[in-house]
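Note that the structure is predicted; figures quoted are calculated from it, not measured. What's counted below: heavy atoms across the whole structure, side chains too, no hydrogens, waters or symmetry copies.
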Amino acid sequence: MQRELPASWRAWVWRGGASPLDLVLERVTRPAIAPGEVLVRNAVIGLNPVDWKVLGDEQLDWQPGHVPGVDGAGTVVAIGDGVPHDLLGQRVAYHQSLHRHGSFAEYTSIRAEVLLRVPANMDFAVAASFPCPALTAFQAIEKLPPGRGRTLLISGAGGAVGRYLVQLAVARGFAVTAMCNRRHWERLLALGVDECIEGPLGDGQAWPVNDPKRFFAIIDSVDADHAARLAPALLANGHLVCIQGRVAQWPCAPFGRALSMHEVALGALHVYGDSAAWNALTQAGEQMLGEIAAGQLQAEPGIVGDFEGLAEQLDALRQRRFSGKPLVAVEPIRHTGPV
């Protein structure tokens, strides 16, 4: 039996503007639960760079009153037609489509097939920190053919996506070089990387063509221009994976290095993915969550703020005023381990 639901709840809504500080805390009316969907009572919201980057993006065609936010974790409190009844009461995490009302609310409606079941011994804070960075890292590493012993450069390895990428790559047997600020080196070396190098490259600087070091693959999480400037570091038939934007022009001459280029966009699955693709991704995500719960995979340390301060915390993320994963507690967190 489903619990009685409130007729409305608090949400941070977009009324125009490109700044997180333009978001407004309002009450929104409970929508009808569509077939195949569930309603999640959010416990913790995960903040990501995409959450501020899309504010005011004309391509999304948001209307005033739209609720932003892609990541959240909480409890399924209601289900629509066609949803398995065993989901009711489940602890879940999720990554929401940018085209739907998101996680910046006390409750979020979401398609059941995108849910990740959260281990019983995992904090909602850890679960909410997971979807966007971890699933992006998984999609990026999946672009590469098996490469045990092959060399891989991860650019921007010091961030949340980079933390997961390094661990996934090491587990798959790649010889990993991490490019990032020196303050991350000790931590990344402890996670199993072979070498750390200073980065990212300076403006206009490219990988030196006379540098003898070459890589089987490069995964770049800085931007498209930076990825293109790293291309000279690839071996013949190498792979260039871009997480933050697509390279505008092919970065090498025809039939030269004969590179393969890949782009990663987690949101694409919401628009063009099918049930089989979502099933594969959620299975991988739940396996990773289990590895975090078992201490086999490390999540980024979280910094938890209050729901009333969400806009300010998102703006602090935009200005890079802190290190760590920003999280917002909607309700008191039941601690079962370190955040």
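Looking at Arg163 and Arg187, their side chains come closer than 4.5 Å, going by heavy atoms from C-beta outward. At least one side-chain heavy atom of Phe174 sits less than 4.5 Å from a side-chain heavy atom of Leu144. For the pair Ile33 and Ile79, the minimum side-chain heavy-atom distance is 4.5 Å or more. Side-chain contact check for Tyr94 versus Asn42: some heavy-atom pair is nearer than 4.5 Å. The shortest side-chain heavy-atom distance between Arg214 and Arg257 falls under the 4.5 Å cut-off. Contact annotation: the side chain of Ile154 never approaches that of Phe215 to less than 4.5 Å [non-hydrogen atoms, C-beta and beyond]. Ser260 places none of its side-chain heavy atoms less than 4.5 Å from the side chain of Lys143. Residues Leu152 and Ile141 meet the side-chain proximity criterion, which asks for heavy atoms closer than 4.5 Å.
With values rounded to the nearest 0.5 angstrom, Leu39 atom CG is found 7.5 Å from Thr108 atom OG1. Leu165 contributes atom CG, which lies 5.0 Å from atom CD1 of Ile243 (distance to the nearest 0.5 angstrom). We find the CG-CD distance between Leu314 and Gln319 to be 10.5 Å, quoted to the nearest 0.5 Å. The distance from atom CG of Leu266 to atom SG of Cys132, rounded to the nearest 0.5 Å, is 6.0 Å. To the nearest 0.5 Å, the span separating CG on Leu234 from CD1 on Ile218 amounts to 3.5 Å. Considering CG of Leu23 and CD of Glu312, their distance stands at 9.5 Å, rounded to 0.5 Å.
Counted by atom type alone, Arg229 and His226 present zero donor-acceptor pairs between their side chains at under 3.5 Å. No hydrogens or angles considered: nothing links the side chains of Ser103 and Gln96 as a donor-acceptor pair under 3.5 Å.
Taking each heavy atom of Leu269 and Ala277 in turn, the nearest pair found is CD1-CB, 3.7 Å. Taking each heavy atom of Met261 and Trp250 in turn, the nearest pair found is CE-CE3, 3.4 Å. Closest approach of Gly285 to Leu135, counting heavy atoms only: CA-CD2, 3.9 Å. Between Val304 and Ala329, the shortest heavy-atom distance links the atoms CG1-CB, 3.8 Å. The two residues Arg30 and Pro6 come nearest to each other via the heavy atoms NH1-O, 2.9 Å. For the pair Met179 and Pro200, the tightest heavy-atom approach, listed with the atom from each and the gap, is SD-CA, 4.2 Å.
Two rings, from Trp14 and His101, have their centers 6.0 Å or more apart.
Within the structure, the side chain to side chain donor-acceptor pair (under 3.5 Å) test picks out the following pairs touching residues 71-88 (sequence neighbours left out): Asn48-Asp71. Applying the salt bridge (Lys or Arg N to Asp or Glu O under 4.0 Å) rule to pairs touching residues 44-55 yields nothing, sequence neighbours excluded.
Residues Leu191 and Leu297 share a hydrophobic cluster, clusters being chains of Ile/Leu/Val/Met/Phe/Trp/Tyr side chains in contact below 4.5 Å. If you chain together hydrophobic residues whose side chains sit under 4.5 Å apart, Tyr107 and Val24 fall into the same group. Val170 and Val161 fall within a single hydrophobic cluster, where Ile, Leu, Val, Met, Phe, Trp and Tyr side chains are chained together by heavy-atom contacts under 4.5 Å. Trp278 and Phe130 fall within a single hydrophobic cluster, where Ile, Leu, Val, Met, Phe, Trp and Tyr side chains are chained together by heavy-atom contacts under 4.5 Å. A continuous path of Ile, Leu, Val, Met, Phe, Trp and Tyr side chains, each step under 4.5 Å between heavy atoms, connects Val40 with Leu289, placing both in one hydrophobic cluster.
Thr151 places no side-chain N or O within donor-acceptor distance of the main-chain N or O of Val176, the cut-off being under 3.5 Å. When atom types are taken as modelled, the side chain of Trp52 and the backbone of Ala316 share no donor-acceptor pair closer than 3.5 angstrom. Without hydrogens or angle criteria, Ser129 side chain to Val126 main chain gives a donor-acceptor distance under 3.5 Å. One N or O on the side chain of Arg91 and one on the backbone of Met122 form a donor-acceptor pair closer than 3.5 Å. For Arg27 (side chain) and Ser8 (main-chain N/O), a donor-acceptor pair under 3.5 Å exists by modelled atom type. When atom types are taken as modelled, the side chain of Glu26 and the backbone of Gly65 share no donor-acceptor pair closer than 3.5 angstrom. Not one N or O on the side chain of Asp306 forms a donor-acceptor pair closer than 3.5 Å with the backbone of Glu308. The backbone N or O of Leu327 lies less than 3.5 Å from a partner atom in the side chain of Gln313, making a donor-acceptor pair. A donor-acceptor contact shorter than 3.5 Å is absent between the side chain of Arg15 and the backbone of Asp22.
Between Arg172 and Glu142 there is a salt bridge, since at least one side-chain N of the basic residue sits less than 4.0 Å from a carboxylate O of the acidic one.
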Verify side-chain contact (heavy atoms from CB on, under 4.5 Å) between Trp62 and Leu55, making sure each step is shown before the conclusion. CA-CA 9 Å; Trp62 284 355; Leu55 295 177; 3.9 Å; yes
Test log, rule side-chain contact (heavy atoms from CB on, under 4.5 Å), inputs Arg10 and Leu25: CA-CA 7 Å; Arg10 296 182 303 163; Leu25 184 58; 4.2 Å; yes
Pair His95-Val114, side-chain contact (heavy atoms from CB on, under 4.5 Å): steps then yes or no: CA-CA 7 Å; His95 180 275; Val114 313; over 6 Å; no
Intermediate values then yes/no, side-chain contact (heavy atoms from CB on, under 4.5 Å), Phe322 and Leu317: CA-CA 7 Å; Phe322 57 84; Leu317 173 63; 4.2 Å; yes
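Within a 6.0 Å sphere centred on CZ of Arg246, other residues, nucleotides and ligands contribute 12 heavy atoms or fewer. Heavy atoms from other residues, nucleotides or ligands lying under 6.0 Å from CD of Gln205 number more than 12. The number of heavy-atom neighbours closer than 6.0 Å to CZ of Arg321, taken from other residues, nucleotides and ligands shown, is above 12. Remark: Glu186 CD is loosely packed, at most 12 non-hydrogen atoms of other residues, nucleotides or ligands lying under 6.0 Å away.
The side-chain contact (heavy atoms from CB on, under 4.5 Å) test with Cys242 is passed by exactly one of Asp220, Val247, Val222, Ile219: Val247.
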